[in-house]
Amino acid sequence: MKVLVIGGGGREHAMAWSLARSEGVDEVLVAPGNAGTAREPRVRNLQVGAGDIPALVQLAREQGVAFTVVGPEAPLVAGVVDAFEEAGLPCLGPSAAAAELEGSKAFAKAFMARHGIPTAAHQSFDDLEAASAYIREQQPPLVIKADGLASGKGVEVAASKDEALLAAERMLSGQAFGEAGQRVVVEACLQGEELSFIALVDGEDVVALASSQDHKARDDGDQGPNTGGMGAYSPAPLVDERLHQRVMDEIIRPTVHGLAAEGRPYQGFLYAGLMVDGAGDPRVLEYNCRLGDPEAQPLLMRLQSDFAELCQAALQRRLGSLPPLDWAPRSAVGVVMAAAGYPGAVERGAVIEGLDGPEAADTKVFHGGTALDDDGQVVTHGGRVLCCCALGDRLADARQAAYRRVAGIHWEGAFYRQDIGARSLGREGG
Ligand code: AMP
Ligand code: GLY
C-alpha cells in the first residue's frame, strides 16, 4: 500500500522512515517533505504544502493512498482531518474540534479546569487593562502565553511583574505573534522537571508511547529563549511505573474521556507537556495534538513494532486489542543542529557537508529544515536543520554516538546544544 505523511520537518522524516520500514508499505509519499525524505528509499516527496488542505485531499485521492498521517499542528487545527473524512479518506490525527486542545491555550486551560486535570493556576484575557490588573496582583515569576499557535515560541517566563506586563502588552497589541496573541493566558510558574508524555488515542482507547524528554531552551543549561526543542531522548529515566500510572490516570485518560464527553472525540497522537515537581506530582503545561519534534525522532528509532500497523489500528479503533508495543530496550538520543539565528529569523541556502557516506549502524540523521538545491546539494532551509540520532545500550552510549555524528557535519553558522540528555545521566539504571 501507499501511505501519505503531511509535513516537512524532522518528525515527518522520522515518520516516513519508520513507515517505509513497515511490511505492508510499498511507498511513502510526503507533502512537502525535505531533502532527507527526498533521499530516503521507498519515500517520495510531492510538492504540496502542509497547509493546502484541498490539494492534500486531491493528492491522497489521486495517489490512492491507504491512509494519511499528519505531522504538524497547523493543518490539524485548520481541519485537515475533517476534510479528509468528508472525502472518505482515512487520516490519522484529531479533528479541528479536538485539536483545539493545542490550538487554543485558553480552551485547554478551561477544559482542564472542567475535568479536574492538574495544571498551573491561570486566567485568560483579551484585554490589556484586565490582564495588567491581574498581573499586578500576582506573585512573580509568571508565565505569559499567546493563546494561539506560535511554533512553541509564544511563551514568556517573566521573572518580574514589569516583564510580565511588557510581554502581555506585546502579545495583546498584536506586535508579537499577530492573531495568535490577541488573547493571552497568564499563569503561575511551575517548578520541576519537564516531561513529554505522548500517547496514541483511537477515540476511546489509549496506548502510551515510550517515555521521552526534550530540551526546550536554546542554550546549554536550559538557558536562553524557548525553541521548538533542541534535542530529545527516550526513555526518560525520570519516569518510573508509578509516575507513568499517575499520568495515565490523572491526565491522559481524563483528557480523552473529557473530550469524548464534550463531543470532541480524540483520535491521533496526544502529547501532554508536563512539569513534574520535587514531590513527583505531574501537572500539564500544555497539550500538543501531534507527535513531538524532536521527541518523535528518538522514539521512532526505538520502535520495533510496525508503525503502519499501529497507525491503522488507531484509525480502525483497534488500539484496545493491540499487543503491547515493542520498544528496543536501549536508549536513543537526538541532537538538533540549528541554523544561526534560530529561534529567530534564519538565513537559508548554506551547503551542508558531512551527510554522505555510509551511516554507522544505529545512527540516523533526520532532516528538518533542509532542501536540495539545483545541483542536488543539501542546503539549509529552516531553523532546526537536522536531528542526529543514535541508539546505545545506555543513555551515555547513545549520547556519545549522537555527538560523534554531529561532529562530522558542518555548515556555516550551525549550532547545537552540548548537553542533550546530560540531566538524566546520573539517574540511569535506578
Ligand atoms: P507551552 O507552549 O505552553 O508548552 O510552553 C512552552 C514552554 O514554556 C514549556 O515547555 C515550559 O518550558 C515553559 N512553560 C510553560 N508554562 C509554564 C509554567 N506554567 N511554568 C513554568 N514553565 C512553563
Ligand atoms: N518538542 C516539543 C514539541 O514538539 O512541541
Would Glu194 and His215 count as a side chain to side chain donor-acceptor pair (under 3.5 Å) here? Give the steps. CA-CA 9 Å; Glu194 276 189 60; His215 292 259; over 6 Å; no
Run the side-chain contact (heavy atoms from CB on, under 4.5 Å) check on Leu299 and Ile198 step by step: do they pass? CA-CA 10 Å; Leu299 278 170; Ile198 308 176; 4.0 Å; yes
Side chain to side chain donor-acceptor pair (under 3.5 Å) assessment of Tyr271 paired with Glu295: CA-CA 10 Å; Tyr271 168 152; Glu295 290 93 330; 2.7 Å; yes
Worked verdict on Thr255 versus Leu270 for side-chain contact (heavy atoms from CB on, under 4.5 Å): CA-CA 10 Å; Thr255 301; Leu270 174 63; 4.1 Å; yes
Go through the steps for Leu372 and Val379 under the test side-chain contact (heavy atoms from CB on, under 4.5 Å), then give the verdict. CA-CA 6 Å; Leu372 292 174; Val379 296; over 6 Å; no
Under the side-chain contact (heavy atoms from CB on, under 4.5 Å) criterion, do Leu303 and Ser305 qualify, and how do the steps go? CA-CA 6 Å; Leu303 181 68; Ser305 304; 4.0 Å; yes
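With hydrogens and angles disregarded, no donor-acceptor distance shorter than 3.5 Å links the side chain of Asp219 to the backbone of Asp222. Asp362 places no side-chain N or O within 3.5 Å of a backbone atom of Ala390 that could act as its donor or acceptor partner. A donor-acceptor pair is defined here as one N or O able to donate and one able to accept, closer than 3.5 Å; no such pair exists between the side chain of Tyr287 and the backbone of Gly273. Of the possible donor and acceptor atoms, none in the side chain of Asp375 sits under 3.5 Å from a partner among the backbone N and O of Gln377. Side-chain atoms of Asp277 never come within 3.5 Å of backbone atoms of Gly192 as a donor-acceptor pair (strictly under, hydrogens ignored). Side-chain atoms of Asp202 come within 3.5 Å of backbone atoms of Leu319 as a donor-acceptor pair (strictly under, hydrogens ignored). No donor-acceptor pair closer than 3.5 Å links the side chain of Arg394 to the backbone N or O of Arg330. In this structure, the side chain of Thr370 does not engage the main chain of His367 through any donor-acceptor pair within 3.5 Å. Not a single donor-acceptor pair under 3.5 Å links the side chain of Asp147 to the backbone N or O of Val184. The closest donor-acceptor contact from the side chain of Arg384 to the backbone of Gly10 lies at 3.5 Å or more, if one exists at all.
When the shell of 6.0 Å around CD of Glu204 is examined, it contains 12 or fewer heavy atoms from other residues, nucleotides or ligands. In Gln304, the CD atom is crowded: over 12 heavy atoms of neighbouring residues, nucleotides or ligands sit closer than 6.0 Å. Enclosure of atom CD in Gln245 by more than 12 non-hydrogen atoms of other residues, nucleotides or ligands within 6.0 angstrom is indicated. In Glu359, the CD atom is crowded: over 12 heavy atoms of neighbouring residues, nucleotides or ligands sit closer than 6.0 Å. More than 12 heavy atoms of other residues, nucleotides or ligands sit less than 6.0 Å from atom CD of Glu193.
The minimum heavy-atom distance between Ala217 and Asn226, with the atom names listed, is N-OD1, 4.2 Å. Counting all heavy atoms, side chain and backbone alike, Thr68 lies closest to Ala60 at OG1-CB, 4.3 Å. For the residue pair Phe84 and Cys91, the shortest heavy atom distance occurs at CB-CB, 3.5 Å. Listed here is the closest heavy atom pair of Ala208 and His244: CB-CE1, 3.6 Å. Looking at every heavy atom in both residues, Ala35 comes nearest to Val378 through CB-CG1, 3.9 Å. Smallest separation of non-hydrogen atoms from Glu156 and Ala167: OE1-CB, 3.7 Å.
Residues Asn45 and Gln47 bring no donor and acceptor atom of their side chains to less than 3.5 Å of each other. Looking only at atom types and distance, the side chain of Gln297 has no donor-acceptor partner in the side chain of His13 under 3.5 Å away. Remark: the Lys109 side chain and the Ser124 side chain contain no N/O donor-acceptor pair separated by less than 3.5 Å. For the 3.5 Å distance criterion, the side chains of Ser104 and Glu100 fail to qualify, holding no donor opposite an acceptor.
Between Asp397 and Arg399, no side-chain nitrogen of the basic residue sits less than 4.0 Å from a carboxylate oxygen of the acidic one, so the salt-bridge criterion is not met. The pair Glu40-Lys364 meets the salt-bridge criterion, since a charged nitrogen lies less than 4.0 angstrom from a carboxylate oxygen. Remark: Glu73 engages Arg290 in a salt bridge, criterion side-chain N to carboxylate O under 4.0 Å. The pair Arg348-Asp373 does not count as a salt bridge, with every side-chain nitrogen at least 4.0 angstrom from each carboxylate oxygen. Using a cutoff of 4.0 Å between basic side-chain nitrogens and carboxylate oxygens, Asp356 and Arg39 are scored as salt-bridged. Residues Glu187 and Lys145 are paired through a salt bridge, judged by an N-O separation under 4.0 Å between the basic side chain and the carboxylate. Electrostatic pairing of Arg318 and Glu309 counts as a salt bridge here, judged by a charged N lying under 4.0 Å from a carboxylate O.
Taken from CD in Gln316 to SG in Cys311, the straight-line distance is 11.0 Å, to the nearest 0.5 Å. Atoms CG and CD, from Leu46 and Gln63 in turn, are 5.5 Å apart once rounded to the nearest 0.5 Å. The CZ atom of Phe197 sits 8.5 Å away from atom CG of Leu209, with the distance rounded to the nearest 0.5 Å. Once rounded to the nearest 0.5 Å, the distance linking CZ of Arg183 with CE of Met171 reads 14.5 Å.
Residues Cys289 and Tyr266 form a side-chain contact, since some pair of their non-hydrogen atoms from C-beta on lies under 4.5 Å apart. Counting heavy atoms from C-beta outward, Asp249 and Arg253 have side chains that approach closer than 4.5 Å. Annotation: side chain of Val406 is not in contact with side chain of Ile409 (no heavy-atom distance under 4.5 Å). For the pair Val336 and Leu386, the minimum side-chain heavy-atom distance is 4.5 Å or more. Between Met15 and Phe307, some side-chain heavy-atom pair lies under the 4.5 Å cut-off. In this structure, the side chains of Leu29 and Lys2 come closer than 4.5 Å at one or more pairs of heavy atoms. Contact of the Val335 side chain with the Tyr403 side chain is registered, since non-hydrogen atoms from C-beta on lie closer than 4.5 Å. A 4.5 Å side-chain heavy-atom check between Val69 and Ile6 finds every atom pair outside the cut-off.
Residues that satisfy the side chain to side chain contact (heavy atoms under 4.5 Å, CB included) test with Asp82, not counting sequence neighbours, are Ser95, Ala96. Contacts of Glu23 classified as side chain to side chain contact (heavy atoms under 4.5 Å, CB included), with partners at least two apart in sequence or in another chain: Asp306.
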Donor-acceptor pairs are to be reported for all side-chain atoms of residues 228-241 against protein atoms at under 3.5 Å, with residues two or more places apart or in another chain.
from: Tyr233; atom 1: OH; to: Gln213; atom 2: OE1; distance (Å): 2.8
from: Tyr233; atom 1: OH; to: Arg423; atom 2: NE; distance (Å): 3.0
from: Tyr233; atom 1: OH; to: Ser424; atom 2: OG; distance (Å): 2.8
from: Ser234; atom 1: OG; to: Ser211; atom 2: O; distance (Å): 2.7
from: Ser234; atom 1: OG; to: Arg302; atom 2: NH1; distance (Å): 2.9
from: Asp240; atom 1: OD1; to: Arg242; atom 2: N; distance (Å): 3.4
from: Asp240; atom 1: OD1; to: Leu243; atom 2: N; distance (Å): 2.9

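Taking the six-membered ring for Trp and thresholds of 30 and 60 degrees, Trp17 and Phe366 have ring planes more than 60 degrees apart, a perpendicular arrangement.
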